[in-house]
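Below is one structure, written out as structure tokens, with a few remarks after it.
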Amino acid sequence: MDWIDLRSDTVTRPGQPMREAMMAAPLGDDVFGEDPTVNELETFAAALFSKEAALFCPSGTMTNQIAIKVHTQPGDELLCDVNSHIYNYEGGGISFNSGVQAKVLQGHEGRLSPELIENNINGRFDWLTRTSLVSLENTVNRAGGSYYTLPQIQAIQTLCKEKHLALHLDGARIFNALAVTGDAASDIGKCFDSISICLSKGLGAPVGSLLLGDKRFIQSARRVRKVFGGGMRQAGVLAAAGLYALNNNVKRLNEDHNRAKALAEALSSKPYVESILPVYTNIVIFILNKKVMNGEQFEAKLREQGIRVSAFGKDTIRMVTHLDFTEEMLNRSIKVLAAIL
Ligand SMILES: *Cc1c(COP(=O)(O)O)cnc(C)c1O
């Protein structure tokens, strides 16, 4: 069966042109810094975000974890929203890899404000944990793909500078945010000390994330990547897919956003839906009406019709639109959602 897969935007598979780019890529040993395609990708991405340097890594978990490691000392504290990926979905890596603790904050739709951050910075007493890092997520996965505006980010940057805190962006879906706000990547880049971007989500590459920062930061990050076991050799085959993705798949992201809105619209009047989070980008999160069906039942019913979604907790469902979710699939999904009872 030709599945409609809405579980995540990670499920996309490289199409023919991307595969051809991978086949054609010149290669070398990237641990020696000699893979021309990896170097090209790193240079391209760094320039795009107005950063000095970049580091190609196997996953967004690794880019985030490397950033945390480089920005902190064991025993430090970082501030992040309670919904954040670094806290929820990276296997406890904040403490495991860096010996750092997280103070999780209750932001608005997964977004932190300068006031919230400022109220949670520890003072300089021996008995308090040293606050050293703030991590933002944009867009916020668990909050329905909500995003920050540039002035919101700039206000946080100003505070972090004043308080001598490093500021990291988990930008796994930063291009989804930029597609909506129209902000330039270079303006976002200027706000952060480090940025993680994913090539294997909405952009459709099979593997890969990039960590961006200044030269000194990336030099340290390169060493930590090796220690974490993330040094790759002829990684240009993967970097070529990343380059293809950045050049071709960024400008179409609003198609995904429109399809996500159409799915939400189709769900809005259904008796099995209790409520839907606002749809900001490519993520639809909704809560089922328990009296009609629970998450497991909903998932099973859709699976029978060839549609896969993920249950996000007992009664919460997440659907994510992406490059391989076509207009025809959208129409089929809307029909299934109408006929499900
Ligand atoms: C997917 C994702 C990551 C990275 O995930 P990997 O599977 O390790 O590449 C990081 N942050 C957010 C918000 C994500 O959605």
Side-chain angles (χ1 to χ4, degrees), residues 40-56 60 63-64 67 70-71 79-81 84-86 107-118 133-141 143 145-199 201-203 208-218 221 242-243 245-257 280-283:
E40 186 187 343
L41 173 64
E42 290 176 347
T43 304
F44 181 83
L48 190 60
F49 283 85
S50 237
K51 286 303 206 201
E52 286 175 7
L55 183 69
F56 185 49
T63 45
N64 283 331
V70 175
H71 285 308
L79 304 179
C80 64
D81 183 80
S84 59
H85 194 279
I86 60 164
H108 176 63
E109 296 177 322
R111 292 185 303 263
L112 303 181
S113 65
E115 297 70 37
L116 187 57
I117 293 168
E118 186 160 19
L133 173 64
V134 173
S135 180
L136 308 184
E137 189 171 307
N138 196 17
T139 66
V140 185
N141 174 23
S146 59
Y147 55 84
Y148 288 85
T149 64
L150 189 57
Q152 286 171 338
I153 296 172
Q154 286 164 335
I156 292 173
Q157 178 195 24
T158 302
L159 173 71
C160 288
K161 278 222 163 109
E162 187 189 311
K163 302 291 181 184
H164 306 289
L165 305 179
L167 182 58
H168 173 70
L169 172 65
D170 176 354
R173 296 189 179 82
I174 185 63
F175 291 105
N176 294 91
L178 298 180
V180 177
T181 61
D183 294 330
S186 56
D187 286 334
I188 296 290
K190 285 173 196 142
C191 296
F192 293 92
D193 298 300
S194 58
I195 299 180
S196 160
I197 64 172
C198 286
L199 304 167
K201 294 258 163 82
L203 301 190
S209 288
L210 286 151
L211 184 59
L212 317 174
D214 67 24
K215 279 204 184 101
R216 261 187 71 191
F217 173 84
I218 292 298
L243 272 168
L246 286 173
N247 282 312
N248 295 279
N249 295 343
V250 171
K251 46 189 173 283
R252 55 158 304 285
L253 286 171
N254 276 322
E255 280 178 35
D256 295 344
H257 301 170
Y280 293 106
T281 49
N282 70 328
I283 300 175

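Shortest non-hydrogen contact noted between Arg111 and Asp81 is N-OD1, 4.4 Å. Minimum interatomic distance between Ile218 and Leu211 (heavy atoms only, all atoms of both residues): CD1-O, 3.4 Å. Of all non-hydrogen atoms in Leu41 and Gly242, the two that sit nearest each other are CD1-C, 4.0 Å. Minimum interatomic distance between Gly145 and Thr139 (heavy atoms only, all atoms of both residues): O-CB, 3.5 Å. Of all heavy-atom pairs between Leu159 and Pro114, the closest is CD2-O, 3.3 Å. Scanning all heavy atoms of the two residues, the minimum distance from Gly202 to Leu253 falls at O-CD2, 3.9 Å.
Here the two rings, on Phe56 and Phe44, have centers that are 6.0 Å apart or farther.
Rounded to the nearest 0.5 angstrom, Asp170 CG and Leu136 CG are separated by 9.5 Å. Atoms CG and CG, on Leu210 and Leu199 in that order, are 5.0 Å from each other to the nearest 0.5 Å. Taking CG of Leu169 as the reference point, atom CG of Leu212 lies at 9.0 Å (rounded to 0.5 Å). Distance check: Ile156 CD1 to Phe192 CZ gives 7.5 Å after rounding to the nearest 0.5 Å. Remark: Ile174 CD1 to Lys201 NZ distance equals 13.0 Å, nearest 0.5 Å. Going from atom CD1 of Ile197 over to atom CZ of Phe175 covers 4.5 Å, rounded to the nearest 0.5 Å.
Side chain of Glu137 to main chain of His85: a donor-acceptor pair is present (N/O by atom type, distance under 3.5 Å, no hydrogens or angles). Remark: the backbone N or O of Lys190 is not paired with any side-chain donor or acceptor of Ser50 at under 3.5 angstrom. Without hydrogens or angle criteria, Tyr148 side chain to Leu112 main chain gives a donor-acceptor distance under 3.5 Å. In this structure, Asp183 contributes its side chain and Leu178 its backbone to no donor-acceptor pair below 3.5 Å. With Ser209 contributing its side chain and Thr63 its backbone, the two residues share no donor-acceptor pair below 3.5 Å. Between the Arg173 side chain and the Val140 main chain, no donor and acceptor come within less than 3.5 Å of each other.
Looking at Thr181 and Leu150, their side chains never come closer than 4.5 Å, going by heavy atoms from C-beta outward.
Legend: residues meeting side chain to side chain donor-acceptor pair (under 3.5 Å) with Arg252, ordered by chain and number and at least two apart, are Asp256. Evaluation of the side chain to side chain donor-acceptor pair (under 3.5 Å) rule for Ser194 yields His71, His168 as partners, not counting sequence neighbours. In this view, Gln157 satisfies the side chain to side chain donor-acceptor pair (under 3.5 Å) rule with no residue, not counting sequence neighbours.
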Side chain to side chain contact (heavy atoms under 4.5 Å, CB included) assessment of Phe217 paired with Asp193
CA-CA 8 Å; Phe217 173 84; Asp193 298 300; over 6 Å; no
